[in-house]
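A short write-up of the structure that comes next.
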Amino acid sequence: MATKVVDLIYWRDVGKTGLVFTGLVIGLASLFQLSAVTVLSYLCMAIMCLTFPLRLYYKLLELIRKNPEGVHPFQSYIVDDSSLTDEETVLVVEEVVLMIAFAVTEIKHLLFIGSIMDSIKFVVLLYVLAYVGITTNGLTLVIVGVICVFSLPLFYKQMQGRMKRIGKAVNGLLRKIKSLFKRLYSKLRPSTAAKPAPTTTLAPVLAPKHKQKSK
């Protein structure tokens, strides 16, 4: 599954990726005007408008003896077994339970201030999400996310050399700025070498008194 997703993201099969990308964008955009149930129903009917005539055509060929073997045009999709075995089902359920338990633990850790810095970061994230929610809705963010997933990895792959050069240039500029601030700080910081050394004058004063007592 992971390999298939990577192939789709990097457009290794242009026809399949284009079909999936177009379907996702059109389906999500349709949710602005229609409900999810309506969009799903229309999608299934659109698929059946393509598969039903083709199935009737093959059935007609079978009746007029042009298709004596009775080949089904979608036999490979029907025979394909996508069910899970008992072991695979147990593994999937365990992974889902572990993910839910981890999410609940982290949320409790953030809400009840297990770490002050982590909770502050969480509050900042919530504020940003609230601000984004005021300006736009979740469906728009999902559409933008789908477009970014199908465009940014391919763009980075094609521009990888140039992006690395830009990254090195930015890192060099940041290092120069950091060294400049360090030099300015070292120049403006008061030097401790100019402070006068403390002198003790008690010893010369007490020495004559000690001699007089000895006499």
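For reference, positions follow the sequence shown, starting with 1.
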Legend entry - Atom of V14, atom of W11 and distance for their closest heavy-atom approach: CG2-O, 3.9 Å

Which donor-acceptor pairs under 3.5 Å do side chains of residues 103-131 form with protein atoms, sequence neighbours excluded?
from, atom 1, to, atom 2, distance (Å)
T105, OG1, A101, O, 2.8
S119, OG, L110, O, 3.0
S119, OG, S115, O, 3.0

Inset, instruction - Take atom CE of M99 as the centre, draw a 6.0 Å sphere, and report whether it contains more than 12 heavy atoms from other residues, nucleotides or ligands. - result: no

Inset, instruction - Please answer: with hydrophobic residues joined when any side-chain heavy atoms are less than 4.5 Å apart, are V25 and L19 in the same cluster? - result: no

Legend entry - hydrophobic_cluster_shared for M48 and L40, side chain cutoff 4.5 Å: no

Inset, instruction - Scan V97, V90, L91 and name whichever one has a side-chain contact (heavy atoms from CB on, under 4.5 Å) with V93. - result: V97

Legend entry - Shared hydrophobic cluster, F155 / V144 (ILVMFWY, side-chain heavy atoms < 4.5 Å): no

Legend entry - F74 CZ: over 12 foreign heavy atoms closer than 6.0 Å: yes

Identify all side-chain donor-acceptor contacts of residues 158-177 below 3.5 Å with residues at least two apart in sequence or on another chain.
from, atom 1, to, atom 2, distance (Å)
N171, ND2, G167, O, 3.1

Check residues 28-36 and write down every donor-acceptor pair under 3.5 Å in which the side-chain atom is one partner and the other belongs to a residue at least two apart or another chain.
from, atom 1, to, atom 2, distance (Å)
S30, OG, I26, O, 2.7
S35, OG, T38, N, 3.4
S35, OG, T38, OG1, 2.9

Legend entry - Inter-residue atom distance R183.CZ - S179.OG, 0.5 Å rounding: 4.5 Å

Legend entry - Heavy-atom closest pair, residues P153 and C148: CD-O, 3.5 Å

Inset, instruction - Report yes or no: do V146 and V5 belong to one cluster of Ile/Leu/Val/Met/Phe/Trp/Tyr joined by side chain heavy-atom distances under 4.5 Å? - result: yes

Inset, instruction - Can you run down the side-chain hydrogen bond (donor to acceptor under 3.5 Å, both in side chains) pairs that involve residues 13-24, sequence neighbours left out, and say none if there aren't any? - result: none

Inset, instruction - Mind telling me whether F150 and F21 have parallel, tilted or perpendicular rings, with 30° and 60° as the class edges? - result: tilted

Inset, instruction - Name all residues meeting the side chain to side chain contact (heavy atoms under 4.5 Å, CB included) criterion together with E95; count only those two or more places apart in sequence or in a different chain, and write none if there are none. - result: none

Legend entry - V132 with L139, same ILVMFWY side-chain cluster at under 4.5 Å: no

Legend entry - Hydrophobic cluster of F52, others only, ordered by chain and residue number, side-chain cut-off 4.5 Å: L56

Inset, instruction - Look at the side chain of T140 and the backbone N and O of T136, then say whether any donor-acceptor pair between them is shorter than 3.5 Å. - result: no

